There are 2 protein chains.
Amino acid sequence: MAEKTKLWYLQNFNMFDGMSPKMMMELAQNTSMQNNSKKEIIYFPEDASNTIYFLKAGKIKIYRLSEDGKTTTLQLLGPGEIFGESAILGQDTHDNIAEVVEDAVVCAMDKRDFQDLMEKSPKLTLSVNKFIGWRLRKIQAHVEDLVFKNASQRITSFLHRYVETFGKKMVDGWMVRPFLTHQEIADLTATARQTVNQVLNELAEQDVIKFSRRFLQLKGDLDQLES
Amino acid sequence: MAEKTKLWYLQNFNMFDGMSPKMMMELAQNTSMQNNSKKEIIYFPEDASNTIYFLKAGKIKIYRLSEDGKTTTLQLLGPGEIFGESAILGQDTHDNIAEVVEDAVVCAMDKRDFQDLMEKSPKLTLSVNKFIGWRLRKIQAHVEDLVFKNASQRITSFLHRYVETFGKKMVDGWMVRPFLTHQEIADLTATARQTVNQVLNELAEQDVIKFSRRFLQLKGDLDQLES
DNA sequence: ACATACATGTCTGCAATATGACAGTCCGAC
DNA sequence: GTCGGACTGTCATATTGCAGACATGTATGT
């Protein structure tokens, strides 16, 4: 693949803001691309953690399974996000499952190459630290939600984040497309599928949202989805 | 304070393993010490995050309050652990409360000094990354526990970790001293004080543990405290 | 067009655990 | 040594939201 094309893939990651063109070229040389379609698994727990991934397009979920087959999703990631970061955090295996939720374009880089780059560029190291801090903050907020909020508050505030992150602002509200299945939302919010269904329909009844399998529309302002 | 003494304070942190004596001296120069007694608060949410802390002795808890006055403890830290790490992760305020649980000796270092040091020592950077990875793993496991385990499993497996981390191995089991209040355990496991009391007494009934306000004794092997 | 698998909608009962109340106990401060 | 506050032990009661059942709806491929 032409280096120019590779460069395109690496753009739009905040992490690489302010990097020299020379660095970016080096980055591009060490990167490989892949297209992954829905339901593909990028890695499993216990898989060797040698690679760090950059998500260029699509959505990825990071989740865990319990022994008795329950699922909990830790994060839903969109374009511009990094995953498989355990590779650069000194772990040699993954802890989670990474699965494609919407057809994705993923850049993969060997952890050694990335670490070499980090050594050369303190700026990059700083960005990485920021990113990790952000990830840590998000998961702490997740814990707080699980402990302090009830099921319908968790669902509502998830929808808030979902619309905020993935939605398009319209004159009269927001639109996200495609939408998730109720089961996916349940896994993200540690609730039951039936509860998600109920809350969703209540919100529609109150004319806050409108939804189908294909889309979620928020009528009006984001703060209507406050717990 | 003599640099030698300061050095003593900085020993026993895995993070500094393999650092050159010269580096260690530099570290020591930039470090200040403090003794904090039980119930003292080291920082609050929204406090400026300029300092990174090393816990030399005692215990610290990192926790959050909800609007309606509930508490959830994210971590209980013992000697050798780092906290306030948001300072080096690009956040300018803290998100949590850090409070002394058992009289503590704390080393504090300005984040700039620490970052300078990191730039000079790739080895330190690597250790820091490892530490952050470890922290991330712990909190992910916390989420998993909250979602997959029931109250009594959470309490039991917390006791497991508590004994493992802070206990002394005896011929016939383990001993931890001092013990926590039931409310503290409740906050750590997202359960109610009364539930903790009940589970604790059940375990005592089954002759797995023995406890009082002052100590917790595990009779026999750690794996008796498996969920 | 049909078959099949998957997703949604709705109800009902049940189990887990929080909450509130209150008595008894311990502990440190004075 | 005693007093007050905090911690522990044990109820009874309330509530939340999960689980199961099942009908309906929708997409996909042949």
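On a predicted model such as this, the values are computed, not experimentally measured, just so you know. Sequence lines set the chain letters: A, B, ... in the order given, protein chains first and strands last, and positions in each chain run from 1.
Per the geometry, CZ belonging to A:Phe211 stands 9 Å off C1' belonging to C:dT8, to the nearest Å. Distance CD1 (A:Ile185) to P (D:dC18): 14 Å, rounded to an integer number of Å. Nucleotide D:dC7 holds its P atom 15 Å from the CG atom of B:Leu200, rounded to whole Å. Rounded to an integer number of Å, the gap from NZ of B:Lys39 to C1' of C:dA29 is 14 Å. Atom CG in B:Leu203 sits about 13 Å away from atom P in D:dG9, given to the nearest Å. The CZ atom of A:Phe179 sits 16 Å away from the P atom of D:dT26 (whole-angstrom rounding). For the pair A:Ile155 CD1 and D:dC18 P, the interatomic distance rounds to 8 Å; values are reported in whole Å. In this structure, B:Phe215 atom CZ and C:dC27 atom P are separated by 11 Å, rounded to whole Å.
Both B:Thr181 and A:Asn150 lie near DNA chain D, and the one whose nearest nucleotide falls closer to the 5' end is B:Thr181.
Stem regions annotated for DNA chain D: C:1-30 with D:1-30, counting only runs of 3 or more consecutive pairs of Watson-Crick or G-U type with both contacts under 3.5 Å.
A donor-acceptor contact shorter than 3.5 Å links the side chain of B:Arg135 to the backbone of B:Ile82. The backbone N or O of B:Thr181 sits less than 3.5 Å from a side-chain atom of B:Glu184, completing a donor-acceptor pair.
OP1 or OP2 of C:dT8 has not a single side-chain nitrogen or oxygen of A:Asn197 nearer than 4.0 Å. Listed pair A:His182 / C:dA7 fails the phosphate criterion, with no side-chain N or O lying under 4.0 Å from OP1 or OP2. Phosphate contact (OP1/OP2 of D:dT10, side-chain N/O of B:Asn201, threshold under 4.0 Å): present.
Across A:Leu65, A:Ile62, A:Thr73, A:Asp47, a single residue satisfies side-chain contact (heavy atoms from CB on, under 4.5 Å) together with A:Asn96, and that is A:Ile62. Under the side-chain contact (heavy atoms from CB on, under 4.5 Å) rule, B:Glu99 has a single partner from B:Ile41, B:Ile60, B:Ile42, B:Asn36, which is B:Ile41.
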Using the 3.5 Å cut-off, write out each protein N or O paired with an N or O of nucleotides 18-23 of chain C and the distance between them.
| from | atom 1 | to | atom 2 | distance (Å) |
| --- | --- | --- | --- | --- |
| C:dA18 | OP2 | B:Ala192 | N | 2.9 |
| C:dA18 | OP2 | B:Thr195 | OG1 | 2.8 |
| C:dG20 | N7 | B:Gln194 | NE2 | 3.2 |
| C:dG20 | O6 | B:Gln194 | NE2 | 3.2 |

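Looking at B:Glu205 and B:Asn201, their side chains never bring a donor and an acceptor atom within 3.5 Å of each other.
Interatomic distance, CG of A:Asn50 versus OG of A:Ser86, reported as 9.5 Å (0.5 Å rounding). Summarising the geometry, atom CG belonging to B:Asp145 is positioned 11.5 Å from atom CG belonging to A:Leu146; distances are rounded to the nearest 0.5 Å.
A cation-pi contact, defined as under 6.0 Å to the ring centre and within 45° of the axis, is absent between B:Lys130 and B:Trp134.
B:Lys111 and B:Gln91 make their closest contact through NZ-O, 4.4 Å (heavy atoms, listed as atom of the first residue, atom of the second, distance).
Comparing C:dA7, C:dT10, D:dT8 by their nearest atom to the side chain of B:Arg213 picks out D:dT8.
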